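Right, one structure below, let's go through it.
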Number of protein chains: 2
Amino acid sequence: MSGKKRLMTIKDIALQTGLSKGTVDRVLHNRGEVSKQSYEKVMRYIEESGYTPNVHASLLASGQSHRIAALLPNHEPGSFWELFQNGLDKAEENLHGLGLSILRFGYDQYDIDSFRAACDELLASAPDGVVTAPLFLNDTTVLARRLQEAGIPYVYIDSKLEDDGYMAYFGTARYQSGYLCGYLLADDRPVNQAVIVRIRRDKNRLSDPTVTRRAGFMDFMLEYAPDCRISNLFIDPNDPEDIRKELEAFFDAHPDVRHIAMFNSRIHLIVDFIERRGLQDQCRIIGFDNLASNVEALKRGTVTRLIAQRPAEQVVMAIQTLSDKILFKKDPVHRDHYLPMDILTRYNVDYY
Amino acid sequence: MSGKKRLMTIKDIALQTGLSKGTVDRVLHNRGEVSKQSYEKVMRYIEESGYTPNVHASLLASGQSHRIAALLPNHEPGSFWELFQNGLDKAEENLHGLGLSILRFGYDQYDIDSFRAACDELLASAPDGVVTAPLFLNDTTVLARRLQEAGIPYVYIDSKLEDDGYMAYFGTARYQSGYLCGYLLADDRPVNQAVIVRIRRDKNRLSDPTVTRRAGFMDFMLEYAPDCRISNLFIDPNDPEDIRKELEAFFDAHPDVRHIAMFNSRIHLIVDFIERRGLQDQCRIIGFDNLASNVEALKRGTVTRLIAQRPAEQVVMAIQTLSDKILFKKDPVHRDHYLPMDILTRYNVDYY
DNA sequence: TTGAATTCCGTGCACGGGCACGGAAAATAT
DNA sequence: ATATTTTCCGTGCCCGTGCACGGAATTCAA
């Protein structure tokens, strides 16, 4: 039922080289206090015998439980960040029993002080690895520097900073996702008018992930439908009445617009209006991210396509990368990982 | 750097219950020779303390290296089955050092004798788990029975048999993928004529994975475009001349057909003809699976959409499931796993 | 030449759990 | 009552690696 092939051990190496396992161990871990000839004898034997240390024994002997910290915005139910929490849950399952646990640190994504507090908490907990999504650019840079100083590996998800110390990044290609959005919106048909619905922002210090998408979108349209008139419509996500009024005003003024795109995860905010006005069968509407409310609208047919970016998978892969590093000292082959942009329709969304 | 929180051990349980670790161990493994009251005392304590055995210690003490067998058709370069081999390679990385290895058994998918020989080889190697894609239905059933008798867990990928013994299945929903194919082909536009390109088969004993897809496709068309005339065109995949002739004859007879679908992975077989005839900009062509040659045609714009079914991921997840079972005795929560049907366009295919 | 510092290396315990062995206590037989 | 079986349980070694400790061999200083 189990393997006949007993793997090579440190003791075997010791026997073969005429040294003790203590010495072999010092060689394996570059811990010095070994003569040059002993060092080379061991190294040579290891090379040609292809010895691999037994992970279980190693972990058992050296490790207690390690901890990975996740620093993400608080996840209101049905929000974008909740999708990431699902990934955390899934990742935790796999870690269970490997002596790894996850510490979660949350903050209010609109309150920079709460973010700073969370950073302090995180550092105080002295984790063995960190996964985070950079929202506050400056303060995340500060955090990154402090993590580097402490020698704690950290992984970015969703978006990344260009500091030089992060171990890996998992996310999607922003520009290309906007380009794709244009492709799906136009869909090989002529488009004369389109509208982009945007969030009205007070100039806070948050990075705006949609600018790059918008750029990709505009470039596609420039190339494919240079004469298309593209309007920008601003709404307040927290004020349904404002949303209704803005949309109403817009569609009264532009009754022929049949193409709508939104570059954040809030496409669900406009479906109510669309359905009430009876536009759902005539409009082509593209949004991002598979929030429950977005998916509902997609299945009803009001939203035409959703572009999703595998948030849970980002988290799972990030944690996987960290645990490889922490437990097995394995470094990732690539640093930047651009995950697929999934195209969701009403007929395949159930399988995501 | 590492955890303060020392996890609970068997010794702790022994101390708390006033028994020895030997007894606790007997309880944990249902090995009998324990009085009812001792058994319950231990069980109760375990319940309320949430004890989890240390996987590493357990594996170190009990296990040598285990092996997982993969039984798949030989993978000619650029073929459908090569995508699965990529998954095997990826899975092998993760297993390295966990005391798990993969044994690969190949066979000629058109030669049932080679399949039988591979089965015998596989069984002779006495693996701890098996992953396979059922092509020869009857003979896979035989294999399944023999594996059950030997107590070896096995996982299906790509498609599954309805025997009761498999541990898990990873694949896509066939019918729905065909339905989706129809949706993408019609794409909210009226369709009067369409053609399905099929492989001319001699009646061999292979299961035909495309029948179910075809059913889904037809049902979609029936609902959405009941008046559409759908032709079936048969080609010999190994005879380029035959392909050319058949297509030519068809399009001479039906010059207005602009919608083409193919339910196997061979859509690349027809792109040559399409491009030579200059139809690429007028046709809507939907195919399956991201073979290199298919992806090329997609990026050139000849193929409109590809529906892919994550073959590598199927393998990775199957092996993951098996190793969880073998190493940690963890059973999968669900048995059947329907993976997403990815919609590939020229603008997102690079990220898969 | 002797003592001290340095370099190098072997021994042995620990990690947490699996499991064989043997022995004490209880139950049954004689 | 003792002998014999059965039931139950504790002890101790093993898995392969990490690492502290102490000691031998060598070098250097005096």
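Residue numbering restarts at 1 for every chain, and letters A, B, ... go by the order of the sequence lines. Given the structure is predicted, the values throughout are model-derived calculations rather than measurements.
Atom-to-atom, NE2 of B:His66 to P of D:dC15 comes out at 16 Å; the value is rounded to the nearest Å. Atom pair B:Lys11:NZ and C:dC15:C1' shows a separation of 9 Å (rounding to whole Å applied). Atom C1' of nucleotide D:dG16 and atom CG of A:Leu28 are separated by 12 Å, given to the nearest angstrom. Atom CG in B:Asp25 sits about 10 Å away from atom P in C:dA20, given to the nearest Å. To the nearest angstrom, C1' of C:dA14 lies 15 Å from CG of A:Leu59. Taking atom CG of A:Asn54 as the reference point, atom P of C:dG16 lies 16 Å away to the nearest angstrom. Protein atom CD1 of B:Ile10 is 15 Å distant from nucleotide atom C1' of D:dG12, rounded to whole Å. Put simply, CE on A:Met8 is 10 Å from P on D:dT17, counting in whole angstrom units.
With hydrogens and angles disregarded, a donor-acceptor distance shorter than 3.5 Å links the side chain of A:Arg335 to the backbone of A:Tyr166.
Side-chain to base pairing of B:Arg26 with C:dG18: no donor and acceptor N or O lie closer than 3.5 Å to each other.
Ring pair A:Tyr338/B:Tyr351 is perpendicular by interplanar angle, where above 60° counts as perpendicular and below 30° as parallel. Ring geometry, B:Trp81 versus B:Phe84: the interplanar angle falls from 30° to 60°, so the pair is classed tilted.
Sorted by residue number, the members of residues 13-23 of chain A with any non-hydrogen atom under 4.0 Å from DNA chain D read A:Lys21. Listed in residue order, the members of residues 30-41 of chain B having a heavy atom less than 4.0 Å from DNA chain D are B:Glu33, B:Val34, B:Ser35, B:Ser38.
Remark: DNA chain D forms stems of 3 or more consecutive Watson-Crick or G-U wobble pairs, all pair distances under 3.5 Å, at C:1-29 with D:2-30.
A salt bridge links B:Asp89 with B:Arg104: the distance from a Lys NZ or Arg NE/NH1/NH2 to an Asp or Glu carboxylate oxygen falls below 4.0 Å. Between A:Lys90 and A:Glu92 there is no salt bridge, since none of the side-chain N atoms of the basic residue sits less than 4.0 Å from a carboxylate O of the acidic one.
Within the 4.0 angstrom heavy-atom criterion, base atoms lie near B:Leu60.
Side-chain atoms of A:Tyr169 and A:Asp158 form no donor-acceptor pair, as typed in the model, at a separation below 3.5 Å. A side-chain N or O of A:Asp163 and one of A:Tyr156 form a donor-acceptor pair less than 3.5 Å apart.
For A:Ser62, no side-chain nitrogen or oxygen approaches OP1 or OP2 of D:dT17 to under 4.0 Å. Here A:Tyr51 reaches the OP1 or OP2 of D:dT17: one of its side-chain N or O atoms lies under 4.0 Å away. Taking only side-chain nitrogens and oxygens, A:His29 comes nearer than 4.0 Å to OP1 or OP2 of D:dG18.
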